[in-house]
There are 2 protein chains.
Amino acid sequence: MLKLTKKADYGLMALKYLAEHPETPALSAKDIADAYGIPAQLLAKILQRLTKTGLLRSHAGMNGGYALSRDAREISAFEVIHSIDGPLFITSCTKGAKGCDLTPSCTIKEPLARVNETIAGVLKSISIYDLADRDPAKAAEAGSSIGQRLVTLTL
Amino acid sequence: MLKLTKKADYGLMALKYLAEHPETPALSAKDIADAYGIPAQLLAKILQRLTKTGLLRSHAGMNGGYALSRDAREISAFEVIHSIDGPLFITSCTKGAKGCDLTPSCTIKEPLARVNETIAGVLKSISIYDLADRDPAKAAEAGSSIGQRLVTLTL
DNA sequence: TGAATCTCCGACAGTTTTGGTCGTATACTA
DNA sequence: TAGTATACGACCAAAACTGTCGGAGATTCA
Ligand code: FES
Ligand code: FES
């Protein structure tokens, strides 16, 4: 139904939270989970996956936790979603592993792949920083035009 | 996982097929299903839904079947997907019925809604006609630049 | 040393969503 | 009236998603 999983949602929330607390050296999974009221163990697993893909840096032991491995501006929503939900593909037949059974007959795939790319492009153009709360003052100062991105779809 | 359902896929295929056969007054669900090798009964249900939402016109009885209710250029992929998969979109908490349980804490929803809108825009800018096979000659003549759409994302 | 805190990781059950089937009622044509 | 085709709802099986548990390793601090 073209919606991202709750896990990816949680992951984005967590990264956003980390981006909003750059001063702290690390935040534990429980800290973040409590902040949003989401299952701690589940979030832990999500953060672990994000660590494995290099978006986060982890530190065990007391006062340990997770921290962004790069600047929030350098982490795209696409990377997060991709890390958690795996390769992102619109077409129900994931071309990755094995082609769809009815690949020969279906000629719809190619144009949809373009759409897919476009959506990926949109997601790639959004960084965690974009998601994080800006100063209300800043938002007011800039009026409504906080940011704009142009995406081209070639079909 | 951000992928559209097989049903929507089937629906798009079927419409594309209808768009490619404008001469025939109507095509039965079985005809189309056979052409692509997809379950006939399932496709029938899909076409019925598309009929109910006004994208198709149906006709029972012998030599009956389905036909596009408008020009293929006037039917967007968005409409098809929306008809089949229901009000779609990104955020795991469907704002439609009832807000998510943790709506207050989650500040990530608004920016994602913009992304959502952008994707919807992409889908809306694509018509069944765009999906249908063009004459190979035509494609060659026009070179690679068959069509381009611009989508703006405001965040 | 050892207790406390935290990450790491696989396995597992409960629920929801999908994909697909069946049976039947209805509409239209010849 | 027989044959074809849509309309619709109930139903089921398989897959995906969400969330939980239990244990194993790191790290810090007393
Ligand atoms: S559905 Fe698999 S190739 Fe189109
Ligand atoms: S997950 Fe429900 S409001 Fe964000």
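Each chain gets a letter, A, B and so on, in the order the sequences are listed, and its residues count up from 1. What's counted below: heavy atoms across the whole structure, side chains too, no hydrogens, waters or symmetry copies.
The phosphate of dA7(D) has OP1 or OP2 within less than 4.0 Å of a side-chain N or O from Tyr66(B). Within the 4.0 Å cut-off from OP1 or OP2 of dG20(C), at least one side-chain nitrogen or oxygen of Tyr10(B) is found.
When heavy atoms are screened at a 4.0 angstrom cut-off, Lys7(A) is found touching base atoms of the nucleic acid.
Note: CG (Asp31(A)) to P (dT5(C)) measures 12 Å, nearest angstrom. Atom NZ of Lys30(B) and atom P of dA5(D) are 9 Å apart (whole Å). The distance from atom CG of Asp85(A) to atom P of dT17(C) is 16 Å, rounded to the nearest whole Å. Rounded to an integer number of Å, the gap from NZ of Lys6(A) to P of dA16(D) is 19 Å. Rounded to an integer number of Å, the gap from CD1 of Ile38(B) to C1' of dG19(C) is 12 Å. Here the P atom of nucleotide dG9(D) and the CD atom of Gln41(B) are 16 Å apart, to the nearest Å.
In this structure a side-chain-to-backbone donor-acceptor pair under 3.5 Å is missing from Arg57(B) to Ala67(B). At least one donor-acceptor pair closer than 3.5 Å links the side chain of Ser69(A) to the backbone N or O of Gly54(A).
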Pairs under 3.5 angstrom, nitrogen or oxygen only, protein versus nucleotides 23-30 of chain D, please.
unit_1  : atom_1 : unit_2   : atom_2 : d
dT28(D) : OP1    : His59(A) : NE2    : 3.4

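Atom-to-atom distance recorded for Asp85(A):CG and Arg49(A):CZ is 8.0 Å, nearest 0.5 angstrom. In this structure, Ile38(A) CD1 and Leu42(A) CG are separated by 7.5 Å, a value rounded to the nearest 0.5 Å.
Within a 6.0 Å sphere centred on CG of Asp34(B), heavy atoms belonging to other residues, nucleotides or ligands number more than 12. The 12-atom threshold is exceeded at CZ of Arg70(B), counting heavy atoms of other residues, nucleotides or ligands nearer than 6.0 Å.
Along DNA chain C, the nucleotide nearest to Leu42(B) and the one nearest to Ser28(A) differ in position, and the one closer to the 5' end is contacted by Ser28(A).
Between Leu18(A) and Thr24(A) the shortest side-chain heavy-atom distance does not fall below 4.5 Å. Between Ile128(B) and Leu12(B), some side-chain heavy-atom pair lies under the 4.5 Å cut-off.
In this structure, Leu43(A) and Ala33(A) approach most closely via the heavy-atom pair CD2-N, 3.5 Å.
Interface residues of residues 43-58 of chain B facing DNA chain C, ordered by number: Lys45(B); criterion, heavy-atom separation under 4.0 Å.
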